A.B. asks: 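Quick one: structure below, then a few questions.
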Amino acid sequence: TPKSDSAAEMKAYIFTVVIALSVNAIRIVDDNFNNSCVLKNQLTPPTQGAPTSFLPKCPQWVIDTTDAVWHQGTENLNTTLKRFFHQNFTSHQSFGRAFVGMDALYEAVVSTRKAFPDLRIHVDDVYCVGNDIDGYKTVMPDTLVGTNRGATAYGPATGARVAYDGIAITYVQLNPKTEEWQYMAEWILHDELSLVDQLGFIPEKAFNRPKTKTKPIPNCGINLPSWSAPQSIYEPPSN
């Protein structure tokens, strides 16, 4: 304990000790952190020997349903959503946003299509894992391109042409009543910061950003390397 009679010095000393202890505590927590607790969950399909008849069809189903929702007219949109999405469908998105149910899904799709009437979702890859009993999880990296003609959650229409990418992870199950495969839930992560920046809502001097802009993979290509990639692509180029 310092021997100074100054109350100010005592307060400064106590503040320094508290900060030091806090930093130490944070360091201890960080050093001990890991994700091993996640392993207690069911991370792989539990039913051994279950049929996988939908597996080879799954990528096309993901692409077809994406096109049906986003790239066709809206006159049959409600019917399309009810066919391919469970009535209690749950969506998890950036900024902690989430919604449940068909009404919220319909509103989300309609408002997005009004904001970007020429929206095109370019699928960069699709893969599925699972079986016909336990369901399937799907992964779809994508690139979204469109012109902002209507209000978004971030502000009024700006007329900006935007291109931003992301990834959609979904869980799919067979509806026994309709015998249709349906989306049960999705976890969507898109580059919203890039979107808001391209819309012009972030001042130029607010932060340093890259001068690059994402774009779709040409000629309907997918992310590479992919399945059965030759080992040569991992070898350093010869001189």
Side-chain angles (χ1 to χ4, degrees), residues 33-71 80-102 104-105 108-109 120-144 164-192 214 216-234:
F33 177 81
N34 64 70
N35 286 288
S36 60
C37 60
V38 178
L39 296 172
K40 71 179 184 295
N41 299 287
Q42 188 69 55
L43 300 179
T44 56
T47 305
Q48 298 297 315
T52 57
S53 63
F54 184 62
L55 184 59
K57 308 170 188 176
C58 182
Q60 179 176 347
W61 183 85
V62 171
I63 291 173
D64 288 347
T65 53
T66 299
D67 286 339
V69 171
W70 296 104
H71 302 141
T80 298
L81 295 179
K82 289 181 178 179
R83 177 183 177 186
F84 295 123
F85 292 80
H86 190 269
Q87 62 181 359
N88 294 322
F89 172 77
T90 304
S91 177
H92 306 268
Q93 303 179 12
S94 57
F95 297 107
R97 295 172 298 178
F99 64 77
V100 179
M102 299 304 297
L105 174 61
V109 174
R120 293 293 178 264
I121 298 179
H122 297 263
V123 175
D124 297 331
D125 204 348
V126 183
Y127 54 94
C128 309
V129 60
N131 60 58
D132 298 354
I133 304 300
D134 302 315
Y136 291 83
K137 289 188 177 182
T138 78
V139 180
M140 187 187 80
D142 56 12
T143 302
L144 282 64
Y164 61 106
D165 49 18
I167 192 166
I169 300 173
T170 76
Y171 175 58
V172 177
Q173 258 288 12
L174 182 66
N175 186 323
K177 294 182 179 180
T178 64
E179 296 186 344
E180 290 271 9
W181 287 93
Q182 291 185 323
Y183 293 106
M184 306 294 292
E186 69 176 0
W187 294 262
I188 305 293
L189 182 61
H190 284 115
D191 190 353
E192 299 282 335
T214 191
I217 300 172
N219 303 319
C220 287
I222 63 170
N223 293 330
L224 296 175
S226 188
W227 310 120
S228 302
Q231 289 297 315
S232 59
I233 70 171
Y234 301 107

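Just so it is clear, the model here is predicted, and its values are computed rather than measured. The figures that follow rest on heavy atoms only: side chains count, while hydrogens, waters and symmetry mates do not.
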A.B. asks: State which residue, out of Trp61, Tyr171, Trp181, fulfils the ring pair (Phe, Tyr, Trp, His ring centres under 6.0 Å) condition with Tyr136.
C.D. replies: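 Only one of Trp61, Tyr171, Trp181 forms a ring pair (Phe, Tyr, Trp, His ring centres under 6.0 Å) with Tyr136, namely Trp181.
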A.B. asks: Could you check whether any side-chain N or O of Asn175 sits under 3.5 Å from a backbone N or O of Lys177, counting only pairs where one atom can act as donor and the other as acceptor?
C.D. replies: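 Yes.
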A.B. asks: How many angstroms lie between atom CE of Met184 and atom OG1 of Thr90, to the nearest 0.5 angstrom?
C.D. replies: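 The CE atom of Met184 sits 8.5 Å away from the OG1 atom of Thr90.
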A.B. asks: Quick one: does any side-chain atom of Asp132 pair with a main-chain N or O of Ser53 as donor and acceptor, under 3.5 Å?
C.D. replies: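 Side chain of Asp132 to backbone of Ser53, a donor-acceptor pair under 3.5 Å: yes, one is there.
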A.B. asks: For the CG atom of Asp67 and the OG1 atom of Thr80, what is their distance to the nearest 0.5 Å?
C.D. replies: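 Atom-to-atom, Asp67:CG and Thr80:OG1 are 11.5 Å apart.
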A.B. asks: Rounded to the nearest 0.5 Å, what separation is found between the OG1 atom of Thr66 and the CZ atom of Phe84?
C.D. replies: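 Between Thr66 OG1 and Phe84 CZ, I get 10.5 Å after rounding to 0.5 Å.
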A.B. asks: Within the structure provided, determine whether Pro141 and Asn223 are in side-chain contact (heavy-atom separation under 4.5 Å).
C.D. replies: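 Yes, side chains in contact.
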A.B. asks: Any donor-acceptor pair under 3.5 Å linking the side chain of His190 with the backbone of Glu192?
C.D. replies: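 Here the side-chain-to-backbone pair does not exist.
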A.B. asks: So which atom in Pro59 and which in Val126 form the shortest heavy-atom distance, rounded to 0.1 Å?
C.D. replies: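 So the minimum-distance heavy-atom pair works out to CA-CG1, 3.7 Å.
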A.B. asks: For the backbone of Ile133 and the side chain of Gln173, can you confirm whether one donor and one acceptor N or O come within less than 3.5 Å of each other?
C.D. replies: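 Between the backbone of Ile133 and the side chain of Gln173 there is a qualifying donor-acceptor contact (under 3.5 Å).
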A.B. asks: Around atom CD of Gln42, are there more than 12 heavy atoms from other residues, nucleotides or ligands closer than 6.0 Å?
C.D. replies: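 Yes - once you tally the heavy atoms of other residues, nucleotides and ligands closer than 6.0 Å, there are more than 12.
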A.B. asks: Is the number of heavy atoms from other residues, nucleotides or ligands under 6.0 Å of Phe54 CZ greater than 12?
C.D. replies: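 Enclosed: over 12 neighbouring heavy atoms sit under 6.0 Å from CZ of Phe54.
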A.B. asks: Please indicate whether Asn41 has more than 12 foreign heavy atoms, meaning atoms of other residues, nucleotides or ligands, lying under 6.0 Å from its CG.
C.D. replies: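 Count over threshold, so yes.
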A.B. asks: Rounded to the nearest 0.5 Å, what's the gap from OG1 on Thr214 to NE2 on His122? Could you check?
C.D. replies: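 Interatomic distance, Thr214 OG1 to His122 NE2, rounded to 0.5 Å: 10.5 Å.
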A.B. asks: Is Asp142 reaching over with its side chain to a backbone N or O of Ile121, donor-acceptor style, under 3.5 angstrom?
C.D. replies: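 No, the answer is negative, given that no donor and acceptor are paired below the 3.5 Å cut-off.
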A.B. asks: A side-chain contact here means heavy atoms from C-beta on lying under 4.5 Å apart; do Leu105 and Ser91 qualify?
C.D. replies: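 The answer is no, as the side chains (C-beta and beyond) never meet within the 4.5 Å cut-off.
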